[in-house]
Engineer: 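Dropping the structure in here first, questions after.
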Amino acid sequence: MSVIVKDNGGSYEQPAAGMHHAVCARIYDLGDQLGFEGKVQHKVVIMWELEDRQTKGDYAGKRFLVTKQYTASLNEKASLRHDLDSWRGKPFTEEEAQGFDLEKLVGVNCLLNIAPKQTKLGRTFMSVASVNPPMKGAEKLVVETEAGYTPKWITDLLTVKDAFTVGNQPSVMDATDEVIPF
C-alpha cells in the first residue's frame, strides 16, 4: 500500500511589514507543551486583529489576524514579560509580577511591529517583533472576530496537549521545520 503525501500549507495573504494599530482579540491557554530544548513548558498564545484588512480570497474585507506564542511566565527574562512591559509602557512591579490575568488584555489596543521571519526551510512569514502602547488619540479598535473562534493550528496543539502526559509522550514532531535525516 502506498501513502501519498503533499504540501498542504497553501498560501495566504500576509500583512505588510511595519507598525500596525491592533487590538488583542483572544488569549489561548495551550497548557503544557514541548518547548525549548524539549522541556515541558506552559504555553499561551496572544492573538491580535490588525486595523488593516485583507484584500484577497475567502477572507477579503476581514482584518488580518496575527499571533505570538509565549511561555506562560512573568520571569524578568521571559518574552511575555518583556512584551507586556513594553505594551503597558512601564515595567511590572514585583507585586504585579506575582500574578497577572492575561484575559484583561482582550479588547486592549496596541501598536504591533510586524517583521518578516524565515523558517529553517526558507519559508517567510510575518512575525510580531514588538508590542507597544497605542498612539495617543488613535481611534479605539473593537474586536470583530466572532466569539469562540480558534485557528486550526491552535486546535491541533490543544489536541496534542490533551494526549500529552509526562513520561508517556505521544510521538509528535514539533513545528520547528527542522529537516530530519532518513
Side-chain angles (χ1 to χ4, degrees), residues 7-30 33 35-36 41 43-75 77-92 100 102-158 174-178:
D7 181 355
N8 289 326
S11 63
Y12 54 93
E13 186 177 4
Q14 296 187 50
M19 296 298 278
H20 294 268
H21 187 193
V23 60
C24 179
R26 300 277 182 284
I27 304 294
Y28 298 100
D29 184 349
L30 301 180
Q33 298 283 330
F36 182 68
Q41 299 175 315
K43 298 287 187 176
V44 295
V45 172
I46 299 178
M47 181 174 77
W48 294 271
E49 288 180 9
L50 303 183
E51 180 176 38
D52 300 328
R53 297 186 182 273
Q54 298 182 55
T55 60
K56 302 174 187 168
D58 295 339
Y59 299 104
K62 294 193 183 253
R63 288 185 177 155
F64 283 101
L65 300 176
V66 295
T67 60
K68 186 169 181 180
Q69 184 172 301
Y70 299 93
T71 299
S73 171
L74 286 181
N75 179 285
K77 295 182 180 179
S79 295
L80 177 61
R81 181 161 177 176
H82 173 78
D83 282 356
L84 291 177
D85 283 348
S86 177
W87 190 350
R88 291 165 27 116
K90 65 180 183 177
F92 277 90
F100 179 77
L102 291 176
E103 288 295 324
K104 290 180 179 180
L105 299 173
V106 175
V108 177
N109 283 229
C110 63
L111 277 177
L112 294 180
N113 185 14
I114 306 294
K117 193 170 185 180
Q118 200 167 42
T119 67
K120 292 178 184 178
L121 293 178
R123 293 184 180 143
T124 301
F125 65 97
M126 294 311 220
S127 172
V128 175
S130 67
V131 186
N132 304 286
M135 296 290 290
K136 291 194 186 298
E139 185 176 327
K140 185 175 178 178
L141 297 178
V142 177
V143 176
E144 294 179 358
T145 305
E146 63 189 62
Y149 171 74
T150 303
K152 182 181 180 328
W153 70 272
I154 290 178
T155 302
D156 292 346
L157 283 174
L158 291 171
D174 70 16
T176 61
D177 272 347
E178 190 165 316

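Heads up: numbering here begins at 1 and tracks the sequence. Computed from a prediction, not measured in an experiment: that's the story for all the values here.
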Engineer: For T124 versus P116, what's the shortest heavy-atom pair and its separation?
Structural biologist: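 Closest heavy-atom pair between T124 and P116: CG2-CB, 3.9 Å.
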Engineer: Please find the pair of heavy atoms, one from L158 and one from D29, that lie closest to each other, and give the distance.
Structural biologist: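 Closest pair (atom of L158, atom of D29, distance): CD2-O, 3.5 Å.
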Engineer: Working to the nearest 0.5 Å, report the span between CG of L74 and CG of L102.
Structural biologist: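 Here the rounded value is 7.5 Å.
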Engineer: Apply salt bridge (charged side-chain N to carboxylate O under 4.0 Å, His left out) to E103 and list each qualifying residue two or more places apart in sequence or on a separate chain.
Structural biologist: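 E103 satisfies salt bridge (charged side-chain N to carboxylate O under 4.0 Å, His left out) with no other residue.
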Engineer: Would you say that Q69 contacts L157 through its side chain, given a criterion of any heavy-atom pair below 4.5 Å between the two side chains?
Structural biologist: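 Result yes, sub-4.5 Å side-chain heavy-atom pair found.
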Engineer: Just to verify, what does R26 make a salt bridge (charged side-chain N to carboxylate O under 4.0 Å, His left out) with, not counting sequence neighbours?
Structural biologist: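 R26 satisfies salt bridge (charged side-chain N to carboxylate O under 4.0 Å, His left out) with no residue once adjacent residues are dropped.
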Engineer: Measuring only between side-chain heavy atoms, which start at C-beta, is V142 closer than 4.5 Å to V23?
Structural biologist: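 Heavy-atom side-chain distance check fails, nothing below 4.5 Å.
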Engineer: Evaluate side chain to side chain contact (heavy atoms under 4.5 Å, CB included) for C110 paired with V108, printing each intermediate quantity in order.
Structural biologist: CA-CA 7 Å; C110 63; V108 177; 6.0 Å; no
Engineer: Enumerate the residue pairs fulfilling side chain to side chain donor-acceptor pair (under 3.5 Å) with a member in residues 106-118, sequence neighbours excluded, ordered by first and then second residue.
Structural biologist: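 Every side chain to side chain donor-acceptor pair (under 3.5 Å) pair that includes a residue of residues 106-118, provided the two are not neighbours, is H21-N109.
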Engineer: Let me confirm one number: the NE2-CG distance from H20 to L111, rounded to the nearest 0.5 Å.
Structural biologist: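 Going from NE2 on H20 over to CG on L111, the span is 10.0 Å.
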Engineer: Parallel, tilted or perpendicular: which fits the ring planes of F100 and F92, with parallel below 30° and perpendicular above 60°?
Structural biologist: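 Aromatic pair F100/F92 classed perpendicular.
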Engineer: Taking only residues two or more places apart in sequence or in another chain, which ones pass side chain to side chain donor-acceptor pair (under 3.5 Å) with Y28?
Structural biologist: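 Listed in chain order: nothing, the list is empty.
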Engineer: According to side chain to side chain donor-acceptor pair (under 3.5 Å), who are the partners of D83, at least two apart in sequence or on a separate chain?
Structural biologist: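 With sequence neighbours excluded, D83 shows a side chain to side chain donor-acceptor pair (under 3.5 Å) to K68, Y70, given in chain and number order.
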Engineer: Using only atom types and a distance under 3.5 Å, with no angle test, would you say the side chain of Q41 pairs donor to acceptor with the backbone of T71?
Structural biologist: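 No: the side chain of Q41 does not pair with the backbone of T71.
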Engineer: Among residues at least two apart in sequence or on other chains, which ones pass side-chain contact (heavy atoms from CB on, under 4.5 Å) with T55?
Structural biologist: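 By the side-chain contact (heavy atoms from CB on, under 4.5 Å) rule, T55 matches E13.
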Engineer: What distance do L65 atom CG and W48 atom CH2 have between them, rounded to the nearest 0.5 Å?
Structural biologist: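 Those atoms lie 12.0 Å apart.
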Engineer: Quick one: salt bridge (charged side-chain N to carboxylate O under 4.0 Å, His left out) pairs with a partner in residues 48-59, sequence neighbours left out?
Structural biologist: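 For residues 48-59: E49-R63, R53-E144.
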Engineer: Name every donor-acceptor pair, under 3.5 Å, that has one atom in a side chain of residues 127-135 and the other anywhere in the protein, sequence neighbours excluded.
Structural biologist:
| residue | atom | partner | partner atom | Å |
| --- | --- | --- | --- | --- |
| S130 | OG | N132 | ND2 | 3.2 |
| N132 | OD1 | S86 | OG | 3.3 |

Engineer: Mind checking what makes ring pair (Phe, Tyr, Trp, His ring centres under 6.0 Å) contact with Y59, not counting sequence neighbours?
Structural biologist: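 Result, ring pair (Phe, Tyr, Trp, His ring centres under 6.0 Å) vs Y59: none returned.
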Engineer: What donor-acceptor contacts under 3.5 angstrom involve side-chain atoms of residues 147-154, with partners at least two apart or in another chain?
Structural biologist:
| residue | atom | partner | partner atom | Å |
| --- | --- | --- | --- | --- |
| K152 | NZ | D156 | OD1 | 3.1 |
| K152 | NZ | D156 | OD2 | 2.9 |

Engineer: By salt bridge (charged side-chain N to carboxylate O under 4.0 Å, His left out), which residues pair with K43, not counting sequence neighbours?
Structural biologist: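 Not a single residue meets the salt bridge (charged side-chain N to carboxylate O under 4.0 Å, His left out) criterion with K43.
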Engineer: Just how far is it from atom CG of L105 to atom CD1 of I46, taken to the nearest 0.5 Å?
Structural biologist: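 Going from the CG atom of L105 to the CD1 atom of I46 covers 5.5 Å.
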Engineer: Which heavy atom of P15 sits nearest to which heavy atom of I114, and what is that distance?
Structural biologist: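 Scanning both residues, the minimum pair turns out to be CG-CG2, 4.4 Å.
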Engineer: Locate the shortest heavy-atom distance separating P91 from D85; write the atom from each residue and the value.
Structural biologist: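 Shortest heavy-atom contact: CA-OD1, 3.3 Å.
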